[in-house]
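This report concerns only the one structure given below.
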2 protein chains.
Amino acid sequence: MNPLEIPEIVIKRLPLYLRTLELMADEGQTVTSSQELGGRLGISSTQIRKDLSYFGEFGKQGTGYDIRFLRGQLRGILQVDRPWKVALIGVGDVGHALLRFIGFEDRGFSIAAIFDKDPQKVGRRVDKLTVLDVATLHEVIRRRGIRMAIIAVPACEAQGVADALLGAGVGAILTYAPTLLRLPPHMRVSYLDPVVGLQSMTYYLSPSRP
Amino acid sequence: MNPLEIPEIVIKRLPLYLRTLELMADEGQTVTSSQELGGRLGISSTQIRKDLSYFGEFGKQGTGYDIRFLRGQLRGILQVDRPWKVALIGVGDVGHALLRFIGFEDRGFSIAAIFDKDPQKVGRRVDKLTVLDVATLHEVIRRRGIRMAIIAVPACEAQGVADALLGAGVGAILTYAPTLLRLPPHMRVSYLDPVVGLQSMTYYLSPSRP
DNA sequence: TAGATTGTTAATCGATTAACAATC
DNA sequence: TAGATTGTTAATCGATTAACAATC
């Protein structure tokens, strides 16, 4: 089956399945069922079986799924069975928080280069990395074969950084800047604006008392 | 129309419309059309008109929408025309980044209390706020009438914090911990796990070169 | 075997879009 | 008026779910 025919909404659920399987494996569990997995995620068992069926047959009737096997298959499908080098642009508060976040390494990513435009920050060491001048972004990203990037600069600078990343051959961007980026359709973009999440939840809250 | 009948997917698009309208207003623009708004967001004009029609009639045929008026209407619908007090739990790297993030205030939120369990941090001042002991969470949240919270603690502590927030009467949680929370259906939850975003983008990247 | 659970088909449900009358 | 754009209906498209044969 042509991968392009698989609905994007299915692809977006796979990391959630994978995360739950990692957790189950960590807890020492060896086998699960679509029903158990769905129960944990608040998703119907039918949907999980249907989603997986786009990629193959991974379970056994009557038994369910071998957790380590299915985890391996999902890692392979999502291509996170090998590490991806990620560039981080912006070594401010968000950048620092990301650098100290330990959750990247064992889930398929490693921060391989960090950039800032502030001359005061360029040259400093943060953990094992040296802050590079954003002016060298194109060259460094090309040379190191980096294909993904995280934008953690102020909103007003995000578009400029995104343009530079596009020119450097990056194929996917995760951005913390609360701004819509204008990029060609082949560039994958994920947005993480905390306010957007908050604002859709307030709709459902009963009116605030004065 | 009963608000419960409006699809959640529509509600989730409203903050994006609002964010774009804020930007247009900041740029001094006074009028827009569903076509222009859709063009900026990569959404069809029909969908925008349909979404807005769930709530009323906000435009003028032949002219479009008055930006300030529509912005005000959307703020009212989303209830972000008045400030919501938000509790922040976890004053680590992510917590600090959030406290220095200036984007909350003018979009309907203000961080009104911050908590940590580390005795070394409790009592310290961060900007205008004092770090409170998480043991006092219930009482403080009740007394101050706080209805929303942001979880920025390590994954292993997130469920415990969520349970405490539930008990304290919080109605909506935004969490940075990469863990699915078990909470009753009336509690609204938004997840911001950067790895989930990255992992669905790698699916679309051509295989990495060795 | 009996019970459980998969993978898949067909039916249902819901969301998006095309088309257009209304009207500024 | 002529041109533009809204709000809304009906048609289309796509995603979810119910049901079940296959089979471990």
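Proteins get letters first, then strands, A, B, ... in listed order; numbering begins at 1 in each.
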Do you see a donor-acceptor pair shorter than 3.5 Å between the side chains of [X] and [Y]?
| X | Y | answer |
| --- | --- | --- |
| A/Tyr17 | A/Asp51 | yes |
| A/Ser200 | B/Arg13 | no |
| B/Gln159 | B/Asp163 | yes |

Looking at [options], which one has an atom nearest to any side-chain atom of [X]?
| X | options | value |
| --- | --- | --- |
| A/Arg49 | C/dT8, D/dT16, C/dT17 | C/dT8 |
| A/Tyr65 | C/dT6, C/dT8, D/dT16 | C/dT6 |
| B/Ser33 | D/dT16, C/dT17, D/dT6 | D/dT6 |

Whole-Å distance separating the [atom1] atom of [X] from the [atom2] atom of [N]:
| X | N | atom1 | atom2 | answer |
| --- | --- | --- | --- | --- |
| A/Lys50 | D/dA15 | NZ | P | 10 Å |
| A/Asp51 | D/dA15 | CG | P | 10 Å |
| A/Gln35 | C/dA4 | CD | C1' | 10 Å |
| A/Leu37 | C/dT6 | CG | P | 10 Å |
| B/Ile9 | D/dG14 | CD1 | P | 14 Å |
| A/Ile48 | D/dT17 | CD1 | P | 11 Å |
| B/Gln47 | D/dG7 | CD | P | 15 Å |
| B/Glu5 | C/dC13 | CD | P | 16 Å |

Find the partner of C/dG14: check Watson-Crick (N1-N3 plus N6-O4 or O6-N4) and G-U wobble (N1-O2, O6-N3) distances, both under 3.5 Å, and reply none if neither fits. D/dC13

Base-pairing assignment for D/dA21 (Watson-Crick or G-U wobble, both under 3.5 Å): C/dT6

Do side-chain atoms of A/Gln29 reach the backbone of A/Ile67 as a donor and acceptor pair under 3.5 angstrom? no

Short question: side chain of A/Thr20, backbone of A/Leu16 - any donor-acceptor pair under 3.5 Å? yes

Measure the CD-CG distance between B/Gln47 and B/Leu41 for me, rounded to the nearest 0.5 Å. 10.0 Å

Could you grab the distance from atom CD1 of A/Ile89 to atom CZ of A/Phe115, nearest 0.5 Å is fine? 6.5 Å

Within residues 39-46 of chain B, which residues have any heavy atom lying less than 4.0 Å from an atom of DNA chain C? B/Ser44, B/Thr46

Taking only N/O atoms, report every protein-nucleotides 22-24 of chain D pair under 3.5 Å with atom names and distance.
| from | atom 1 | to | atom 2 | distance (Å) |
| --- | --- | --- | --- | --- |
| D/dT23 | O4' | A/Gln61 | NE2 | 3.4 |
| D/dC24 | O4' | A/Gln61 | O | 3.4 |
| D/dC24 | O2 | A/Gln61 | O | 3.3 |

B/Arg68, B/Arg107, B/Arg75 screened by salt bridge (Lys or Arg N to Asp or Glu O under 4.0 Å) with B/Glu22, the one that passes: B/Arg75

Between the side chains of A/Arg188 and A/Glu8, is the shortest nitrogen-to-carboxylate-oxygen separation below 4.0 Å, so that they form an ion pair? yes

